[in-house]
> 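Take a look at the following structure, please.
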Amino acid sequence: MAYYFKEMSHTFNEYLLVPGYSSSECIPANVSLKTPLVKFKKGQEPAISMNIPMTSAIMQSVSGERLAVALAKEGGVSFIYGSQSIEDEAAMVARAKSYKAGFVVSASNVTPEDTLADILRPKTENGFSTVAVTDDGTATGKLLGIVTSRDYRVSRMSEDLKVKEFMTPVDKLITADESTTLKKANDIIWDNKLNSLPIVDKNGNLKYFVFRKDYDAHKSNPNELLDKDKRYVVGAGINTRDYAERVPALIEAGADVLCIDSSEGFSEWQSRTIAFIREKYGNSVKVGAGNVVDRDGFLFLAKAGADFIKVGIGGGSICITRETKGIGRGQATALIEVCAARDEYFEETGIYIPVCSDGGIVHDHHITLALAMGADFIMLGRYFARFDESPTNKITINGNYYKEYWGEGSNRARNWQRYDLGGDKKLSFEEGVDSYVPYAGSLKDNVALSLSKVKSTMCNCGALTIPQLQKNAKLTLVSSTSIIEGGAHDVIQKESNGRIK
């Protein structure tokens, strides 16, 4: 006879936090959101910790190199999507890793024979205002000059005009050699009133740019997450099929942490993947696993050697696994059980394995609920897909801006490896949808707002750290009518322009 869980499966929306005693020290400015990313032994520090409890989902429509850099600036980690060729994923990781220390690989490049139209295109699409002119039009070709908005006037010049006619040639530029430190580069920029400084090798080939605007940006990101070489911490997704080739390439590219991207982690395929990594690299390579929804799944992956374990099946906004296959569990219930198993495992072994809550986050306060229920950090897809830094297009529908967002199990992504059960190398049926999400602006502004809410709620609960929240939080289930009571009701709301909704 099948096993039946006695408890009903619940979601985050069915819980509320009950306020606790708040001392005068419980103010948002005193709250620390630092949290472990990978496992560690009792009394020791984890090899990698994050300054905020947020990671981005391993998805084509979410985690590209731009988002990896933007999230690391805020103190979190992005897992660059693995549903692409090994070479392309490794290149993404390498570009994200090379961004830090202010040395930026040129993202927009032309040859002298290109035209003004070729300059305007990337500026319109991506906002790039500094374009490198190299002999072969690549980011590493021989530097011949640069073009900035000061070099042309659209209203007075033909778009057919060749770049060589209006670029600033290299002999009129101030450049620096590749041995130049960031401090020295910034000194050159400030002393010469430059907006950018090209860094070239001994043969005159372009290596990087250092931008004046980045100096202030680095100063305004006190939580940025850096490795020992002062580069941004970057994660990468892997699968259970080509790990023997993909893992070495990603490690060579500089990935700090890996994560198995799978819809269901309680499988021999995941234990094989982790075993390969442990045999080849020992414990030096950090790898997360999942997803699971109960105690048995957690213990399986813990014993297999996972560095963190993801919880959640079917709770994502674009996921239809529960509809198509009838498997999954309410995210809150799954998280509570797995975190209890995590704590038991820690008591028995002295090894703490962080738990990542993946899916089911609709509102900002769900992040706080997930942390209170035991999660060490959250993985978010839809949340990050809305921002400028996600790799998807921004479009207009009926006068409103949206970003494209699709699931890895959709026909658009066709990430069959994520749903692989050892059969044919294909996606037999969809487990995700293709959709749009309302455009929300920059990652920095939105993350700051979301985390200010988290910190405020933690203060209401008398907690200044995530471990304190997990220890002291009081949670209550709510009825459907209580959920209605919790929102605006029985009033006629006004819009921001004063009109009635």
Side-chain angles (χ1 to χ4, degrees), residues 12 17 26 28-57 68 71-79 221-227 232-235 256-259 286-291 298 302 306-312 331 335-336 338-343 345-346 351-361 364-380 383-384 443 447-448 450-459 461-473:
F12 291 133
L17 283 156
C26 284
N30 290 339
V31 173
S32 169
L33 294 176
K34 189 171 182 177
T35 192
L37 177 61
V38 296
K39 68 182 179 185
F40 58 95
K41 291 182 179 179
K42 189 173 184 178
Q44 298 181 358
E45 289 295 315
I48 307 174
S49 292
M50 296 187 293
N51 294 322
I52 63 172
M54 301 175 83
T55 61
S56 68
L71 184 51
K73 285 181 178 180
E74 301 308 309
V77 172
S78 182
F79 286 88
N221 294 316
N223 284 328
E224 60 184 359
L225 193 60
L226 308 176
D227 65 16
Y232 288 127
V233 173
V234 178
D256 298 279
V257 57
L258 307 175
C259 184
K286 307 303 180 184
V287 57
N291 289 15
F298 171 86
D307 285 293
F308 66 84
I309 294 173
K310 289 201 298 163
V311 177
Q331 187 67 11
L335 184 60
I336 290 169
V338 169
C339 289
R342 184 266 320 276
D343 293 342
Y345 187 83
F346 179 51
I351 299 173
Y352 187 91
I353 303 177
V355 166
C356 169
S357 181
D358 179 17
I361 300 294
D364 287 341
H365 75 270
H366 290 170
I367 297 173
T368 320
L369 284 168
L371 295 173
M373 291 172 181
D376 296 281
F377 57 95
I378 320 298
M379 181 168 278
L380 300 147
Y383 178 89
F384 287 115
L443 179 146
V447 166
S450 296
L451 294 183
S452 70
K453 297 177 185 177
V454 172
K455 290 180 177 181
S456 178
T457 306
M458 287 175 63
C459 288
C461 297
L464 293 177
T465 66
I466 292 173
Q468 286 181 9
L469 178 68
Q470 294 167 342
K471 180 181 178 181
N472 301 327

> Can you tell me if T55 uses its side chain to pair, donor with acceptor, with the backbone of I378 under 3.5 Å?
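Yes, the answer is positive, given that a donor and an acceptor are paired below the 3.5 Å cut-off.
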
> Out of curiosity, Y345 OH to I353 CD1, how far, rounded to the nearest 0.5 Å?
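Here the interatomic distance stands at 4.5 Å.
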
> Please report the shortest heavy-atom distance between F384 and S56, naming the atom on each side.
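Smallest heavy-atom distance, with atoms named: CD1-CB, 3.6 Å.
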
> Any chance you could lay out the side chain to side chain contact (heavy atoms under 4.5 Å, CB included) test for L33 and M458, step after step, and finish with the verdict?
CA-CA 10 Å; L33 294 176; M458 287 175 63; 3.6 Å; yes

> State the NZ-CZ distance between K310 and F79, to the nearest 0.5 angstrom.
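If we round to the nearest 0.5 Å, K310:NZ and F79:CZ are 8.0 Å apart.
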
> Hey, can you tell me if F12 and H366 have their rings parallel, tilted or perpendicular (30° and 60° cut-offs)?
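Correct class here is tilted.
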
> Applying side chain to side chain contact (heavy atoms under 4.5 Å, CB included) to I52 and L451, what does each step give before you reach the verdict?
CA-CA 8 Å; I52 63 172; L451 294 183; 3.4 Å; yes

> From the options L225, N223, L443, select the one residue that forms a side-chain contact (heavy atoms from CB on, under 4.5 Å) with E74.
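The single option meeting the side-chain contact (heavy atoms from CB on, under 4.5 Å) with E74 is L443.
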
> Assess whether side chain to side chain contact (heavy atoms under 4.5 Å, CB included) is satisfied between F308 and D376, documenting all intermediate values.
CA-CA 10 Å; F308 66 84; D376 296 281; over 6 Å; no

> May I ask you to decide if G374's main-chain N or O and Q470's side chain share a donor-acceptor pair within less than 3.5 Å?
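Present.
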
> What residues, two or more places apart in sequence or in another chain, satisfy side chain to side chain contact (heavy atoms under 4.5 Å, CB included) together with C26?
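If we apply the side chain to side chain contact (heavy atoms under 4.5 Å, CB included) test to C26, skipping adjacent residues, the hits are S22, S23, C459, L464.
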
> Nearest 0.5 Å, please: how far is OG1 in T457 from CG in L469?
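Output value for this atom pair is 9.0 Å.
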
> How far does CG of D364 sit from OH of Y383, to the nearest 0.5 angstrom?
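Here the interatomic distance stands at 5.5 Å.
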
> Identify, with sequence neighbours excluded, every residue that meets side chain to side chain donor-acceptor pair (under 3.5 Å) alongside H365.
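If we apply the side chain to side chain donor-acceptor pair (under 3.5 Å) test to H365, skipping adjacent residues, there are no hits.
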
> Indicate yes or no for a side-chain donor-acceptor contact from D227 to the backbone of V233 under 3.5 Å, with no hydrogens or angles considered.
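Here the side-chain-to-backbone pair does not exist.
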
> Measure the OG1-CE distance between T368 and M373 for me, rounded to the nearest 0.5 Å.
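The OG1 atom of T368 sits 11.0 Å away from the CE atom of M373.
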
> Output the distance between atom OG (S357) and atom CG (L335), rounded to the nearest 0.5 Å.
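Here the rounded value is 4.5 Å.
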
> Using modelled atom types and a 3.5 Å cut-off, is there a donor and acceptor pairing between side-chain atoms of S456 and backbone atoms of S452?
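No, because the side chain of S456 does not come within donor-acceptor range (under 3.5 Å) of the backbone of S452.
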
> Answer yes or no: is there a side-chain heavy-atom contact under 4.5 Å between N51 and E224?
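N51 vs E224: side chains apart.
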
> Can you give me the closest heavy-atom contact between A372 and A473, atom names plus distance?
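Reported closest heavy-atom pair: CB-CB, 3.8 Å.
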
> Indicate the atoms forming the closest heavy-atom contact of Y352 with P354, along with that distance.
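Smallest interatomic distance, heavy atoms only, reads O-CD, 3.5 Å.
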
> Can you run down the side chain to side chain donor-acceptor pair (under 3.5 Å) pairs that involve residues 29-45, sequence neighbours left out, and say none if there aren't any?
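Listed once each, the pairs would be none.
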
> At their closest point, which heavy atom of A302 faces which heavy atom of I309, and how far apart are they?
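Closest approach of A302 to I309: N-CD1, 3.7 Å.
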
> Can you check whether G312's main-chain N or O pairs, donor with acceptor, with D358's side chain at less than 3.5 Å?
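No; zero donor-acceptor contacts below 3.5 Å.
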
> Work out which heavy atom in C356 is nearest to a heavy atom in M379; give both atom names and the distance.
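Closest pair (atom of C356, atom of M379, distance): SG-CB, 3.5 Å.
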
> Where is the tightest heavy-atom contact between A463 and V31, given as atom of each residue plus distance?
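Reported closest heavy-atom pair: O-CG2, 4.2 Å.
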
> Are side-chain heavy atoms of F377 and V77 found at a separation under 4.5 Å?
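They are not in side-chain contact.
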
